[in-house]
Amino acid sequence: MHRTLALTAIVAVALAVPAYAQKKDFSGTWSIDQAATDAANTPARSAGGRLVSSPTGFPMTIKQTADSLVIERRGGDGGATNTTTYKLDGVEREVRIGQGNAKAKARWDGDKIVIETVRAGQDGTPVTTIATYAIDLNGVLWVETKAPQGTSKRAYKRS
């Protein structure tokens with residue numbers, strides 16, 4: 001009986017430690033790495049044949065707790081700071097994004113965080129965007145965004 005209990009405890013700890021170790025800490029202030037972002041995105045052509053530039057991004061600050069992710073971003077041209085809080089439990093909630101509201105659910109996927117957001121498009125139909133946050137071996141934060149108009153990747157370095 002004691003052996004079975006001890007073995008069960010060892011197995012439980014062995015399984016729990018790698019799961020806990022997988023979680024990365026996204027906390028920090030992050031600035032766009034434009035060169036890495038440009039290299040990761042294939043230039044697209046507009047309807048007129050002109051090359052469209054790679055995505056850009058503004059600095060952001062991420063605060064992470066055991067159960068939530070708070071992302072603060074400053075708008076373009078020194079605009080107001082927007083703060084959005086996501087619970088990391090995969091449950092859809094209403095969140096404030098910029099000037100409007102959206103439905104969002106955030107969850108862990110291994111050592112990545114996936115945020116699925118649904119908001120009303122210009123014509124009122126729902127538009128879904130999926131953003132995946134991952135930190136590579138060099139400490140670079142990659143944000144891959146899949147939206148109806150395509151997929152883009154942004155690279156950020158800790159400031």
Between [atom1] of [X] and [atom2] of [Y], what distance do you get to the nearest 0.5 Å?
X: Lys87; Y: Thr65; atom1: NZ; atom2: OG1; value: 6.5 Å
X: Asn101; Y: Arg96; atom1: CG; atom2: CZ; value: 5.0 Å
X: Met60; Y: Arg73; atom1: CE; atom2: CZ; value: 5.0 Å
X: Trp108; Y: Ile113; atom1: CH2; atom2: CD1; value: 4.0 Å
X: Ile71; Y: Asn82; atom1: CD1; atom2: CG; value: 11.5 Å
X: Phe26; Y: Lys112; atom1: CZ; atom2: NZ; value: 9.5 Å

Locate the shortest heavy-atom distance separating [X] from [Y]; write the atom from each residue and the value.
X: Gly124; Y: Ala120; value: O-CB, 4.1 Å
X: Ala102; Y: Arg119; value: CB-CB, 3.8 Å
X: Asn41; Y: Ser152; value: OD1-CA, 3.4 Å
X: Gly139; Y: Trp30; value: O-CZ3, 3.6 Å

**Q.** All salt bridge (Lys or Arg N to Asp or Glu O under 4.0 Å) counterparts of Glu92, not counting sequence neighbours
**A.** none

Q: Can you sort out the partners of Arg93 under salt bridge (Lys or Arg N to Asp or Glu O under 4.0 Å), two or more places apart, ordered by chain and number?
A: Asp89

Q | Side-chain H-bond candidate by donor/acceptor type, Ser159 with Ser31, under 3.5 Å | A | yes

[X] side-chain N/O to [Y] backbone N/O, donor-acceptor pair under 3.5 Å:
X: Thr37; Y: Ala155; value: yes
X: Lys153; Y: Ala40; value: no
X: Thr129; Y: Ala147; value: no
X: Gln64; Y: Lys24; value: yes

Can you check whether [X] reaches [Y] side chain to side chain, under 4.5 Å on heavy atoms?
X: Tyr156; Y: Val140; value: no
X: Thr132; Y: Asp109; value: no
X: Thr61; Y: Thr81; value: no
X: Glu72; Y: Lys63; value: yes
X: Leu88; Y: Lys23; value: no

Q.
Test side-chain contact (heavy atoms from CB on, under 4.5 Å) on Arg158 and Ile135; report intermediate values, then the result.
A. CA-CA 11 Å; Arg158 285 189 203 265; Ile135 298 176; 4.1 Å; yes

Q) Is Ile97 linked to Leu69 within one hydrophobic cluster, defined over Ile, Leu, Val, Met, Phe, Trp and Tyr using a side-chain heavy-atom separation of less than 4.5 Å? A) yes

